[in-house]
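One-based numbering, in listed order, for ligands and for the atoms of each. Please read these numbers as outputs of a predicted model, since none were measured by experiment.
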Amino acid sequence: MGFIQKIIDGLKKTKQAIVFQLNQLFKKGIFDEDFYDDLQFLLLSADVGNDTAEVIIEKLKEKMTKDKVGDPKQAQQYLKQVLCDILGEDQLEIETPSVITIVGVNGVGKTTTVGKLANLFTKQGKSVVVAAADTFRAAASEQLEIWANRAKVRIVKHEEGSD
Ligand SMILES: Nc1nc2c(ncn2[C@@H]2O[C@H](COP(=O)(O)OP(=O)(O)OP(=O)(O)O)[C@@H](O)[C@H]2O)c(=O)[nH]1
Ligand SMILES: [Mg+2]
């Protein structure tokens with residue numbers, strides 16, 4: 001098995017393990033200090049930074065206590081809402097002109113993210129051009145082109161293997 005594939009498989013296992021453990025934790029339906037400790041541990045093991053994990057716990061605790069939440073499904077919705085609030089779309093502000101380089105190991109969602117960013121910035125009234133920098137991986141630029149078309153933005157690309 002290739003090195004990169006090993007990393008991808010490793011991350012997949014981590015993600016599945018965390019989702020499973022989150023479900024198990026909420027299923028218990030006991031939202032005491034131990035619950036919040038375990039949740040913080042899970043967030044940290046999912047690569048959430050310590051400061052952010054503390055903010056998430058604090059906000060969740062506050063909301064859940066205020067609304068006296070005891071139902072696991074409802075509690076999970078509350079966590080989802082806290083995460084969405086923190087990730088808020090309008091936090092992504094850029095100066096223009098700007099150049100954004102997207103890098104990452106195979107299959108982590110680079111091309112999809114370029115499509116999402118192109119769409120977001122277009123909606124903000126910005127003029128977007130995407131450039132296919134990966135001319136090595138077969139069909140990489142074609143995949144990017146699909147997203148550029150969906151977001152209705154210009155694309156700069158050259159032959160496969162070109163400089
Ligand atoms: N669930 C989920 N899947 C995603 C997300 N972003 C991308 N994907 C999926 O992940 C797979 C890989 O996405 P790509 O955008 O092609 O990833 P990439 O990093 O460009 O891949 P390579 O160019 O092959 O290295 C696709 O099946 C996407 O639909 C996301 O935010 N959530
Ligand atoms: Mg790609």
Side-chain angles (χ1 to χ4, degrees), residues 1-27 38-57 59-60 72-94 96-163:
M1 189 191 293
F3 175 67
I4 299 290
Q5 193 57 43
K6 264 189 195 157
I7 294 177
I8 293 170
D9 288 351
L11 291 175
K12 205 179 279 171
K13 267 186 229 147
T14 308
K15 187 183 163 198
Q16 281 165 355
I18 283 160
V19 171
F20 176 77
Q21 287 177 54
L22 267 179
N23 285 336
Q24 293 298 105
L25 181 61
F26 276 85
K27 242 197 320 206
D38 289 347
L39 181 59
Q40 186 165 3
F41 177 79
L42 275 179
L43 291 172
L44 293 174
S45 45
D47 282 341
V48 176
N50 190 47
D51 291 353
T52 309
E54 277 179 5
V55 171
I56 292 169
I57 297 293
K59 283 187 195 270
L60 184 67
K73 282 246 151 38
Q74 200 186 353
Q76 246 167 332
Q77 280 306 317
Y78 270 53
L79 174 63
K80 211 173 187 178
Q81 191 56 51
V82 168
L83 295 177
C84 288
D85 287 349
I86 287 175
L87 291 172
E89 187 176 291
D90 54 7
Q91 284 180 19
L92 196 57
E93 290 291 336
I94 52 157
T96 45
S98 280
V99 176
I100 301 174
T101 308
I102 306 287
V103 289
V105 292
N106 299 36
V108 284
K110 298 178 294 294
T111 305
T112 313
T113 301
V114 170
K116 289 177 182 175
L117 290 174
N119 183 48
L120 175 72
F121 294 136
T122 303
K123 276 190 185 154
Q124 289 177 1
K126 294 184 166 76
S127 168
V128 180
V129 178
V130 303
D134 183 357
T135 60
F136 181 75
R137 225 276 325 274
S141 54
E142 279 79 2
Q143 289 169 351
L144 186 64
E145 191 167 28
I146 291 172
W147 282 102
N149 289 340
R150 283 177 182 160
K152 299 186 180 64
V153 300
R154 277 179 59 210
I155 178 166
V156 177
K157 70 181 188 92
H158 291 284
E159 300 302 309
E160 216 168 270
S162 60
D163 198 344

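- The distance from the Mg ion (ligand 2) to the nearest N/O/S atom of Thr112 is not under 2.8 Å.
- The main-chain N or O of Val48 is never found under 3.5 Å from a side-chain atom of Thr52 such that the two would form a donor-acceptor pair.
- Nearest to atom 7 (C) of ligand 1 by heavy atom, out of Thr112, Val103, Val108, Ile102, is Thr112.
- In terms of modelled atom types and a separation under 3.5 Å, the side chain of Ser98 and the main chain of Ile94 share no donor-acceptor contact.
- Distances shorter than 4.0 angstrom do not occur between any heavy atom of Ala140 and any atom of ligand 1.
- By the 3.5 Å distance cut-off applied to N or O atoms, Thr111 is counted among the residues near ligand 1.
- With Tyr78 as the partner, the side-chain contact (heavy atoms from CB on, under 4.5 Å) test is satisfied by one option alone out of Gln76, Gln81, Gln74: Gln74.
- Evaluated by nearest non-hydrogen atom to atom 24 (O) of ligand 1, the leading choice among Arg137, Lys110, Lys116 is Arg137.
- Contact check for Val114 versus Ile100: no side-chain heavy atoms found under the 4.5 Å cut-off.
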For the pair Ile155 and Trp147, evaluate side chain to side chain contact (heavy atoms under 4.5 Å, CB included) and give the outcome as yes or no after the intermediate values.
CA-CA 10 Å; Ile155 178 166; Trp147 282 102; over 6 Å; no
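- Not one N or O of Val105 is nearer than 3.5 Å to an N or O of ligand 1, by distance alone.
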